[in-house]
Amino acid sequence: MVNKIAFIGAGSMAEAIITGILNKGVIKPHQVYITNKDNQERLDRLNIIYHVPCMNDKKEVMKEADIVILSVKPKDAQEALHSIRPFVKKEQLIVSVLAGISTEFIEEQLGVEVPVIRAMPNTSAAIGHSATAVAKGKHARKEHLENAISLFQTIGTTTVVEEEDLHAVTGLSGSGPAYIYYLVEAMEDAAQQAGLQKEISKELIVQTLVGAAEMLKTTQETPSALRKKITSPGGTTQAGIETLEKYKYQEALIECIKNAKARSVELGKLFEQTNP
Ligand SMILES: NC(=O)C1=CN([C@@H]2O[C@H](COP(=O)(O)OP(=O)(O)OC[C@H]3O[C@@H](n4cnc5c(N)ncnc54)[C@H](OP(=O)(O)O)[C@@H]3O)[C@@H](O)[C@H]2O)C=CC1
Ligand SMILES: O=C(O)[C@@H]1CCC=N1
């Protein structure tokens, strides 16, 4: 049973996870402690919205926390880890959502044989629909992995992967929602240019995405088979898809995910270099 969760880092991802876990009701606001670097205004805002204890006191936030969620940017990893190092206990489970940063680095920087789980959720956690992947570090055992899975299960699906695969996962599903929002931005622009009212186009676009996602989830059919059913020879979809082919839409997406993965690898290399 989890009595206390500590968040080190209070940005977008922390807030998405906090919203998701509190909405489920399994964890109560008084069990979630949050700290950041120095942005008091942000802590006050989170306290007002979620009624969670927020403070600029790492010792107090870390004290008796069963799970510590690291949610700072990769560039701030070392400083944040050093700032909690004096308060980390071996019994605590450290869960990192940092892109690119290895469990080995976290273990080294904390200097204790603490169990570390590396996770890659996405911001759909806020509504219970994250696709999260998790991998365990050297000192993490089966029960630690199970605890992390239980936590992330409250905010969506959880998939166990090898740690080396988390770079690819980051490029695919960690960043993934942004690619979809980018697509929607373009669909909204196109709708506006075609003279559709904003409210009307919004409803149509969102339901089109929801419907397509549900079809992928509930039918046994491949995306390609589903696409072909919409594409009448000589029809409108064919005209649309031919335009996407002309602009190398699929190639662009493949390169997008490859580059996001490569950036995750790069972030690890950049920010795992220890400063003396
Ligand atoms: N956003 C997303 O969609 C996803 C993000 N992630 C990962 O989550 C992590 C956080 O990302 P995101 O929430 O977007 O980032 P944000 O910039 O929104 O938040 C970063 C937080 O870290 C805090 N911070 C910085 N330095 C320290 C420190 N030394 N001690 C304590 N807190 C510190 C900041 O505090 P202050 O404001 O005071 O500077 C801020 O609250 C990243 O590593 C990212 O790779 C993973 C999956 C998805
Ligand atoms: O852009 C980033 O680096 C983070 C990691 C996954 C999503 N956002």
Side-chain angles (χ1 to χ4, degrees), residues 6-20 32-47 49-50 52 54-62 65 68-88 94-103 105-106 109-110 116-127 129-135 148 152 155-159 161 166-182 256-257 259-272 275:
F7 280 85
I8 310 301
S12 320
M13 197 58 235
E15 185 170 3
I17 299 174
I18 291 162
T19 314
V32 180
Y33 280 59
I34 309 174
T35 191
N36 59 8
K37 188 172 185 185
D38 50 20
N39 186 344
Q40 189 58 46
E41 205 182 308
R42 169 76 175 159
L43 291 183
D44 293 343
R45 207 174 69 79
L46 291 174
N47 174 261
I49 301 173
Y50 302 102
V52 288
C54 297
M55 62 201 69
N56 202 343
D57 179 348
K58 299 245 165 81
K59 187 176 180 185
E60 192 57 28
V61 167
M62 291 291 293
V68 177
I69 302 192
L70 298 174
S71 48
V72 304
K73 291 282 189 206
K75 71 175 174 56
D76 298 316
Q78 192 181 19
E79 189 186 320
L81 289 165
H82 285 185
S83 72
I84 59 166
R85 182 181 165 126
F87 316 119
V88 173
I94 309 290
V95 176
S96 164
V97 300
L98 276 70
I101 303 294
S102 67
T103 54
F105 179 77
I106 295 167
Q109 298 301 306
L110 291 177
V116 179
I117 299 285
R118 186 168 148 199
M120 184 44 59
N122 64 39
T123 48
S124 305
I127 53 154
H129 286 289
S130 173
T132 306
V134 290
F152 286 111
I155 52 167
T157 62
T158 312
T159 310
V161 298
L166 277 174
H167 294 301
V169 166
T170 302
L172 184 70
S173 54
S175 302
Y179 313 148
I180 308 291
Y181 300 138
Y182 198 53
C256 152
I257 293 167
N259 271 334
K261 175 192 169 186
R263 182 60 182 159
S264 173
V265 174
E266 200 171 53
L267 286 173
K269 288 194 180 131
L270 268 174
F271 299 115
E272 289 185 359
N275 302 317

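Being a predicted model, the structure only gives us computed values, none of them experimental. Order of listing sets the numbers, starting from 1, for every ligand and every atom in it.
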* Select all protein residues for which some heavy-atom-to-ligand 1 distance is less than 4.0 Å, and list them by chain and number. => I8, G9, A10, G11, S12, M13, N36, K37, D38, N39, K58, S71, V72, K73, P74, D76, E79, A80, V97, L98, A99, M120, P121, T123
* Asked: Would you say V169 and L166 make side-chain contact, with heavy atoms under 4.5 Å?
  -> yes
* Structure fact -> Numbered in order shown, the ligand 2 atoms found under 4.0 Å of a heavy atom of G174 are 6 (C), 7 (C)
* To do: Return the residue, atom name and 0.1 Å-rounded distance of the protein heavy atom closest to atom 1 (O) of ligand 2.
  => S175 OG, 4.6 Å
* To do: Please check if the side chain of E272 supplies one atom and the backbone of S102 the other of a donor-acceptor pair under 3.5 Å.
  => yes
* Asked: Counting only N and O atoms by type, is there a donor-acceptor contact under 3.5 Å from the side chain of N122 to the main-chain atoms of S173?
  -> yes
* Structure fact -> Looking only at protein heavy atoms, what sits closest to atom 3 (O) of ligand 2 is A99 CB, 4.4 Å
* Asked: Is the shortest distance from a Lys or Arg side-chain nitrogen in E79 or K73 to a carboxylate oxygen in the other one below 4.0 Å?
  -> no
* To do: Could you please spell out the steps behind the side-chain hydrogen bond (donor to acceptor under 3.5 Å, both in side chains) verdict for K58 and S83?
  => CA-CA 7 Å; K58 299 245 165 81; S83 72; 3.1 Å; yes
* When you check the side-chain N and O atoms of H167 and S264, is any donor under 3.5 Å from an acceptor? -> yes
* Look up atom 6 (C) of ligand 2 and tell me if a protein heavy atom lies less than 4.0 Å from it? => yes
* To do: Would you confirm whether T170, through its side chain, and K261, through its main-chain N or O, come within 3.5 Å as a donor-acceptor pair?
  => no
* Check: R118 side chain, V134 main-chain N or O, donor-acceptor pair, under 3.5 Å -> no
